[in-house]
Number of protein chains: 2
Amino acid sequence: MRRTRFDDWPCPIARTTDLIGDWWTPLVMREAFLGRKRFDEFIDALGIPRAVLTDRLDRLVTEGLLRKVTYEERPPRFEYKLTEKGLAFYDVLAAMWRWGADWQWGDEAPPIKLVDRDTGKEVVPAVVDENTGQRIDVRRLRVRPR
Amino acid sequence: MRRTRFDDWPCPIARTTDLIGDWWTPLVMREAFLGRKRFDEFIDALGIPRAVLTDRLDRLVTEGLLRKVTYEERPPRFEYKLTEKGLAFYDVLAAMWRWGADWQWGDEAPPIKLVDRDTGKEVVPAVVDENTGQRIDVRRLRVRPR
DNA sequence: CTGAGTAAGTTCAACAAACGAACTCACTCG
DNA sequence: CGAGTGAGTTCGTTTGTTGAACTTACTCAG
């Protein structure tokens with residue numbers, strides 16, 4: 001009995017869930033955004049079992065979020081670099097960041113924040129409707145066939 | 001050897017991952033947003049194994065995203081309703097929707113879209129910096145202690 | 001030329017979680 | 001009294017996770 005797959009469901013949430021719906025993949029992506037590139041860098045940063053990391057990196061490469069690049073021929077050594085698709089995934093992590101910061105801490109704020117390297121100002125992710133620039137009112141949302 | 005937990009890591013992404021980092025929880029939440037409330041409605045909509053649904057609903061209730069409400073005393077019958085925390089979670093699903101729609105379909109668009117019930121116009125989720133209203137430039141982001 | 005070191009994995013045994021079918025429980029309704 | 005219903009629980013099987021040990025393909029210091 002294999003784990004149920006959602007990668008052919010006709011819903012964008014289902015297909016995204018199929019990819020990141022496990023404990024490690026979002027954190028592997030987080031580390032990639034923090035500049036981690038090599039196998040043992042991910043191991044040291046996350047404490048993820050080696051076999052699981054192998055599996056997740058392979059999946060992210062075949063799905064096109066990471067690219068495996070040889071940076072040394074002999075002995076063979078590799079780096080995992082974010083692709084355009086992988087970079088675009090930051091939006092999902094940012095939304096998770098925002099919700100987690102708002103709701104998964106008690107009264108205090110989390111001990112870390114996001115800042116803009118150039119302006120030094122805090123960056124606070126928010127999800128809006130691209131057409132109006134306003135936050136989305138869930139109660140008014142409907143799903144329709146295209 | 002229990003599944004590794006992230007619910008006490010000092011990072012909002014890790015804590016959010018601990019909650020939704022499995023293949024069913026985001027879809028259970030999706031169905032809740034589509035108006036599903038009863039146990040067998042979730043079963044019918046998702047095809048999720050009953051024992052797994054029991055586990056996920058319990059988790060979402062203890063985490064405060066759903067509230068279990070008795071709607072009939074005898075025989076005892078229940079509904080699962082979104083709390084404020086659960087409603088706020090829509091942002092994460094919206095970001096997943098956007099990324100999935102942009103990157104997990106080939107050239108076509110997904111067969112469904114989000115619309116505003118009142119205006120009828122399509123709603124296109126986007127993640128921005130709340131302070132600037134602009135999309136976030138990943139390359140300029142840094143993580144800092146608060 | 002040997003032995004230590006390193007990056008990037010693979011292998012393995014123990015355990016946990018997911019799967020799907022069948023079963024239970026507390027009722028109501030015809 | 002028997003069928004039906006909503007909300008689960010139980011169970012045997014299969015799949016996935018964990019962590020430790022091992023492997024491979026080299027380089028470099030002595």
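All chains are named by letter (A, B, ...) in the order of the sequence lines, taking the proteins before the strands, and each is independently numbered beginning at 1.
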Rounded to the Å, how far apart are B:Arg36 CZ and D:dA7 P? 14 Å

When you check the gap from the basic side-chain N to the acidic O, do B:Lys121 and A:Asp129 get nearer than 4.0 Å? no

A:Arg144/B:Asp116 salt bridge by N-O under 4.0 Å criterion: no

B:Arg3 has an atom CZ; how far is it from atom C1' of D:dG19, in whole Å? 17 Å

Quick one: B:Asp55 CG to C:dA17 C1', roughly how many Å, whole number? 9 Å

To the nearest angstrom, the CZ-P distance between B:Arg56 and C:dC19 comes to 8 Å

Could you walk me through whether A:Phe6 and A:Thr16 pass side-chain contact (heavy atoms from CB on, under 4.5 Å), step by step? CA-CA 8 Å; A:Phe6 311 121; A:Thr16 305; over 6 Å; no

Return the polar atom pairs (N/O with N/O) between nucleotides 5-11 of chain C and the protein under 3.5 Å, or none.
unit_1 : atom_1 : unit_2  : atom_2 : d
C:dA7  : O4'    : A:Arg77 : NE     : 3.4
C:dA7  : O4'    : A:Arg77 : NH1    : 2.7
C:dA7  : O3'    : A:Tyr71 : OH     : 3.4
C:dA7  : N3     : A:Arg77 : NH2    : 3.2
C:dA8  : OP1    : A:Tyr71 : OH     : 3.4
C:dA8  : OP1    : A:Phe78 : N      : 3.0
C:dA8  : OP1    : A:Phe78 : O      : 2.6
C:dA8  : OP2    : A:Phe39 : N      : 3.4
C:dA8  : N7     : A:Arg50 : NH2    : 3.3
C:dG9  : OP1    : A:Lys68 : NZ     : 3.0
C:dG9  : OP2    : A:Tyr80 : OH     : 2.7
C:dG9  : N7     : A:Arg50 : NE     : 2.7
C:dG9  : N7     : A:Arg50 : NH2    : 3.0
C:dG9  : O6     : A:Arg50 : NE     : 3.1

Got a salt bridge between A:Asp22 and B:Arg3, using NZ or NE/NH1/NH2 to carboxylate O under 4.0 Å? no

Suppose we screen for ring pair (Phe, Tyr, Trp, His ring centres under 6.0 Å). Which residues come up paired with A:Trp105, at least two apart in sequence or across chains? none

Any ion pair linking A:Arg15 and A:Glu63 (charged N to carboxylate O, less than 4.0 Å)? no

Interface residues of residues 11-34 of chain A with DNA chain C (non-hydrogen, below 4.0 angstrom): none

Taking OP1 and OP2 of C:dA18, is either one under 4.0 Å from a side-chain nitrogen or oxygen of A:Thr4? no

Distance to the ring centre below 6.0 angstrom and angle to the axis at most 45 degrees; does that hold for A:Arg38 and A:Tyr71? yes

